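Structure, as structure tokens:
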Amino acid sequence: MSVVAVLAASGLTLTACGGSSGDGGGGGTIELTIAQNAIAGGKNARAAEFIADWVIPKFEAAQKAKGKDVKVKFVPSGVDDEQYKTKLSLDLKSGKGADVIDIDGIWAGEFAEAGYIKPLSELVGPEADSWDGWAQIPEAVQGLATYNGKKYALPIGTDGRVLYFSKPIFQKAGLPADWQPKSWQEVLDTAAKLKAAGVPVPIQINAGTAMGEATTMQGVLPLLAGAGAEIQKDGKWAGASQPVKDVLGLYQKIYGGSGLGDPRLQQEAKGRDKSFQQFASGKIGILLEGDYFWRGVVNPKDGVAKMADRDQSVGYAMIPAIEPGKGIRGQDFVSMSGGALRTVNPNSKHPKEAFELLAFTLSPEALKEETKNGNVRITPRTDVNKEILAGEPLLTFISEKVLPLTAYRPPVAVYPQVSVALQEATAAVVGGKTPDEAATAYQQKLEGLVGGAGNIAS
């Protein structure tokens with residue numbers, strides 16, 4: 001379906017970029033718009049209400065105090081992410097769209113390559129790079145908003161992946177409640193002890209195509225980082241390299257007849273959901289997942305697999321490198337993160353004021369307000385996280401220990417297809433192929449996706 005057809009079918013209309021008769025410099029009104037895929041009473045309703053009820057009046061008042069007459073309008077959407085992306089792309093391509101827009105971090109490179117978004121310093125000037133918030137955002141998290149060495153946006157939130165483990169199961173197997181493995185072998189040795197203690201599924205690391213991107217983000221990519229490689233670096237993709245073979249080798253050790261993991265779970269349509277239920281009911285010992293698992297799955301209040309005793313029974317540890325010091329950047333521990341970005345539309349008539357609005361939404365005051373009333377999440381700012389995560393041990397752990405050493409998916413258009421090829425490689429190993437066979441088939445597929453062997457790291 002073409003972009004235009006999608007827009008017509010969904011009844012979406014283009015929003016004009018903020019402009020006005022006044023130029024802002026001569027005492028006229030400056031009109032700005034801010035857009036998100038959020039709508040009152042529908043998708044991401046809380047976010048929509050926060051912008052409309054708190055951000056806009058507070059920002060307008062702050063601008064008035066500086067002698068500027070600024071009026072802000074919120075432009076809501078409530079569609080699926082692909083529809084939102086299509087609408088946004090068409091707006092940006094045709095010189096329209098809101099002044100301040102939200103995008104998924106994974107779209108950044110694609111949008112930058114297409115010229116839909118521009119480096120902030122080009123649009124706004126030096127104040128974009130000298131924004132005081134940058135000092136509070138870990139360098140690894142800044143990477144989410146950076147493309148080819150330039151900052152295109154501000155990160156608005158992030159997450160991290162860890163190893164969760166069941167403390168009651170560990171206790172039965174004589175394992176420590178403060179478990180922190182330092183190598184893959186230690187993880188496998190722990191899983192073997194759990195198996196010997198009669199645990200039905202000692203370890204679950206997502207594999208196969210049924211789990212989709214969850215296999216890549218909660219499996220392949222953090223393991224690849226632990227083997228010392230990134231899926232794309234300096235424009236070259238990781239093919240059938242030793243780190244990729246190391247990752248597939250670990251999958252073989254877990255699912256290739258050792259009984260440490262359940263291969264059937266990786267092939268079922270609802271395998272990931274089932275793994276959540278099994279962990280909550282004490283059948284899985286170790287699980288690699290993101291902080292969503294803690295916040296949304298085993299949350300005692302409203303999780304999909306509620307655990308009343310979550311805070312006492314669920315332990316968590318950093319993901320170790322294959323061996324100490326062998327992870328990316330010479331790290332002992334690794335993780336992967338996702339996240340969203342907020343940026344200034346290159347078509348904005350008032351880029352400086354638009355950036356001020358953007359920066360205001362990521363001020364400590366705004367982030368603290370946004371994360372009130374049970375809406376707590378990891379913000380990009382360490383100063384805010386220290387305060388709002390004080391009663392949240394897992395989120396504090398991720399903010400302080402995991403984010404400084406995390407990595408992100410490459411923000412390029414072909415990445416989702418590469419991700420599928422990685423999922424297929426893990427599926428092949430779970431299905432009985434050797435790591436070498438699976439790696440060779442993956443390399444062949446990768447060459448077709450990324451324009452030949454010349455774009456693959458030798």
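If you're wondering where the values come from, they're calculated on a predicted model, not measured in any experiment.
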Side-chain contact, heavy-atom cut-off 4.5 Å: [X] with [Y]?
{"X": "Pro364", "Y": "Leu367", "answer": "no"}
{"X": "Asn148", "Y": "Lys150", "answer": "no"}
{"X": "Tyr255", "Y": "Ile203", "answer": "no"}

At their closest point, which heavy atom of [X] faces which heavy atom of [Y], and how far apart are they?
{"X": "Lys96", "Y": "Asn347", "value": "O-ND2, 3.1 Å"}
{"X": "Phe165", "Y": "Phe279", "value": "C-CZ, 3.7 Å"}
{"X": "Ile56", "Y": "Lys73", "value": "CD1-C, 4.1 Å"}

Is the backbone of Val450 close enough, under 3.5 Å, to the side chain of Asn455 for a donor and an acceptor to pair up by distance? yes

How would you list all residue pairs meeting ring pair (Phe, Tyr, Trp, His ring centres under 6.0 Å) that involve residues 371-409, not counting sequence neighbours? Tyr316-Phe397

Pair Glu369-Lys58, side chain to side chain contact (heavy atoms under 4.5 Å, CB included): steps then yes or no: CA-CA 12 Å; Glu369 184 66 30; Lys58 290 274 184 187; over 6 Å; no

Among Asp383, Thr379, Asn385, whose side-chain hydrogen bond (donor to acceptor under 3.5 Å, both in side chains) with Arg381 holds?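 Going through the options one by one, the only one that passes is Asp383.
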
Got a sec: does the CZ of Arg329 have more than 12 other heavy atoms crowding it under 6.0 Å? yes

Donor + acceptor pair across side chains of Gln266, Gln204 (<3.5 Å):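 There is such a pair (donor and acceptor under 3.5 Å, judged by atom type) between the side chains of Gln266 and Gln204.
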
Parallel, tilted or perpendicular: which fits the ring planes of Phe50 and Trp54, with parallel below 30° and perpendicular above 60°? parallel

Please tabulate, one pair per line, all N/O donor-acceptor pairs under 3.5 Å involving side-chain atoms of residues 106-118, not counting sequence neighbours.
unit_1	atom_1	unit_2	atom_2	d
Glu110	OE1	Lys85	NZ	2.9
Glu110	OE2	Lys85	NZ	3.4
Glu113	OE2	Tyr147	OH	2.4

